[in-house]
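In what follows, every heavy atom counts, from backbone to side chain, and hydrogens, waters and symmetry copies are set aside. Keep in mind that this is a model prediction, so the values were computed, not measured.
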Amino acid sequence: MSSQRQVLRDYLAAVSGSAGRLVFSLAYFVILANSLTIADFGLFATASAAGVMVGRLLALGFTATLYRIATVKPRLLGTYAAGFLVLALASLPLIALASTVLYLVFFAGDLRVLPFALVIVSEAVAWRLTETVIVVNNGLNRFGRAATILIVSIAIRALAAFVFTFHTSQDLLNWTVFYLVANIAALIFALLFYCPRQRLRLQTSLYLRRLPDALYVAGAEVLFYLQMELDKLLVLALGNPTLAGIYAIIMRLVDLTAIPIRSFSMLLVQRMMRSPEMLRSWALRLGIEGGVFAVSVLALATMATILAFYPTLLGSNVAEAAPLVILALAVPGLRNLTEYQADLLFARGQTFLRAVNLGVLAAAKAALLSLVLKSFTETSDIILSLNAVFAVLYLLSMVLTYRALAMPAKRV
């Protein structure tokens with residue numbers, strides 16, 4: 001009973017951060033989506049997705065190592081934090097190279113270099129470092145502190161978007177400057193008030209032993225976010241900025257349904273790190289997946305119903321996409337389940353298999369979405385077909401994940 005009460009307290013602390021994040025994320029989204037043009041919002045959302053992807057290369061995946069150490073061996077946190085900082089500096093040229101490739105492939109004809117670069121620095125460096133402080137606090141079971149960082153960081157973004165509405169020139173370049181300043185402010189707040197105070201000690205031999213696992217995680221994280229965000233890049237590449245904007249608005253509403261689910265997944269991952277075989281029962285596995293799917297679909301259905309009666313509730317730009325939200329009803333549940341299944345393999349230390357699985361899913365998603373975007377021209381048809389695309393991806397993920405779970409776990 002004591003253990004169950006502790007789990008409940010931890011979840012409530014973690015989900016409080018999700019609730020705060022949900023409120024401020026919605027405010028930030030509404031203000032920004034109605035300040036920029038739909039085309040500029042689409043370009044920003046797509047560039048932000050690219051930044052999130054390349055940000056997984058920061059420190060070559062050592063953020064995950066810090067999380068594991070904070071969870072199971074917290075006394076070594078200072079030693080591994082020193083290695084993280086060294087690897088973070090070493091990874092910057094790789095981030096710059098990956099960003100250049102993404103720009104030339106997806107953005108060169110639609111977006112200038114400077115705003116793209118500012119978004120990349122915001123997401124891949126400033127925000128990724130803030131995320132690292134958050135995940136370390138979560139690993140140390142300091143869920144209240146992690147929640148505070150998250151809430152304040154999103155609130156700073158929302159404040160920046162609000163101040164931006166009063167700017168004389170509400171174009172994409174000016175917004176990316178505001179965005180960078182907001183993310184730097186969030187990072188400074190996290191470092192000053194909530195970064196664990198430990199003596200930094202370099203021990204190269206420890207990092208070399210952990211580096212292969214970290215590289216697997218980095219590769220898997222890039223592939224994970226590639227298959228999560230690839231749709232935005234493909235819509236821009238095969239469509240146009242306006243279509244990308246409408247699509248980004250819909251998918252942002254879908255993303256909001258995942259916020260409470262991620263708190264649950266984070267706690268489950270921590271418990272599985274300590275007890276890797278806790279999900280041996282198929283009844284428990286299917287029960288959790290059914291719950292994740294039901295909560296996700298209910299959240300989007302509620303949002304779609306509200307927008308059906310009050311289409312301008314979230315602003316005039318969002319109102320253009322409001323009638324299409326209900327067409328993506330199954331997408332959040334299927335998408336959140338695919339993310340949850342990837343977390344299970346991370347929890348069990350099966351990082352190489354996770355990277356392979358995510359590579360397969362990314363390739364499958366690219367093929368399916370390309371087929372959809374070439375087969376349909378109407379936005380409503382594209383959104384409706386996403387249900388089938390994500391259903392196929394979920395089934396593929398389920399087969400790959402549960403085959404991997406039948407293998408022995410790797411202890412940290």
Inter-residue atom distance Leu300.CG - Leu307.CG, 0.5 Å rounding: 9.0 Å

Other residues, nucleotides, ligands: >12 heavy atoms within 6.0 Å of Phe162 CZ: no

Residue pair Leu94 / Val54, side-chain heavy-atom distance below 4.5 Å: no

Side chain proximity check, Val30 to Val318, heavy atoms < 4.5 angstrom: no

Main-chain N/O of Leu36 paired with Asn317 side-chain donor or acceptor, under 3.5 Å: yes

Phe84 CZ to Leu89 CG distance, which is reported to the nearest 0.5 Å: 9.5 Å

Any donor-acceptor N/O pair, Arg197 side chain to Cys195 backbone, under 3.5 Å: yes

Steps toward side chain to side chain contact (heavy atoms under 4.5 Å, CB included) verdict (Asp40, Leu43): CA-CA 5 Å; Asp40 278 353; Leu43 288 170; 4.2 Å; yes

Cation-pi check, Arg145 onto Phe193 ring (under 6.0 Å, within 45° of axis): no

Heavy-atom donor-acceptor pair, Arg335 side chain to Phe390 backbone, under 3.5 Å: no

Exercise: identify the closest heavy-atom pair between Phe29 and Leu314: CE2-CD1, 4.5 Å

Interatomic spacing from OH in Tyr225 to CD in Glu339 - rounded to 0.5 Å: 6.5 Å

Pairwise side-chain contact, Leu386 with Leu369, heavy-atom cut-off 4.5 Å (strictly under): yes

Over 12 foreign heavy atoms within 6.0 Å of CZ, Phe189: yes

Minimum heavy-atom distance Ala161-Tyr28, with the two atoms named: CB-CD1, 4.0 Å

Leu102 side chain near Ile120 side chain, heavy-atom distance below 4.5 Å: no

Interatomic spacing from CZ in Phe116 to OG1 in Thr46 - rounded to 0.5 Å: 10.5 Å

Exam field: side chain Asp110 to backbone Phe107, donor-acceptor pair closer than 3.5 Å: no

Identified side-chain contact (heavy atoms from CB on, under 4.5 Å) partner of Gln198 from the options Val136, Leu77, Thr79: Leu77

pair Leu76-Gln203: side-chain heavy atoms closer than 4.5 Å: no

Backbone N/O of Ala186 and side chain of Arg157: donor-acceptor pair under 3.5 Å: no

Student check: side-chain heavy atoms of Met53 and Leu233 closer than 4.5 Å: yes

Test item: Thr130 and Ile149 side chains (from C-beta on) under 4.5 Å apart, heavy atoms: yes

Donor-acceptor pair, side chain of Asn336 and main chain of Ser296, under 3.5 angstrom: no

Leu140 to Pro196 - nearest heavy-atom pair and separation: CD1-CG, 3.8 Å

Shortest non-hydrogen contact between Ser122 and Leu180, atoms and distance: OG-CA, 3.1 Å

Pairwise distance CG(Leu243) to CG(Leu373) - rounded to 0.5 angstrom: 7.5 Å

salt_bridge(Arg56, Glu131) N-O dist < 4.0 Å: yes

Closest non-hydrogen atom pair between Val125 and Leu58, with its separation: O-CD2, 4.5 Å

Flag for Tyr179-Glu123: side-chain donor and acceptor within less than 3.5 Å: yes

Check against side chain to side chain contact (heavy atoms under 4.5 Å, CB included), Asp231 and Val389: CA-CA 11 Å; Asp231 43 3; Val389 169; over 6 Å; no

Flag, side chain of Ser370 to backbone of Ala367, donor-acceptor distance under 3.5 Å: no

Donor-acceptor under 3.5 Å (Gln350 side chain, Ala404 main chain): yes

Contact summary for Leu329 and Val297, nearest pair of heavy atoms: O-CG2, 3.7 Å

Asn174 and Asp171, any side-chain heavy atoms less than 4.5 Å apart: yes

Donor-acceptor under 3.5 Å (Ser48 side chain, Phe44 main chain): no

Gap separating the CD1 atom of Ile154 from the CZ atom of Phe24, nearest 0.5 angstrom: 10.0 Å

Side chain to side chain contact (heavy atoms under 4.5 Å, CB included) evaluation trace for Tyr402 with Gln341: CA-CA 9 Å; Tyr402 287 115; Gln341 289 172 352; 4.0 Å; yes

Donor-acceptor contact present, side-chain Asn137 to main-chain Val133, <3.5 Å: yes

Working for side chain to side chain contact (heavy atoms under 4.5 Å, CB included), residues Lys365 and Leu368: CA-CA 5 Å; Lys365 188 174 189 180; Leu368 292 169; 5.9 Å; no

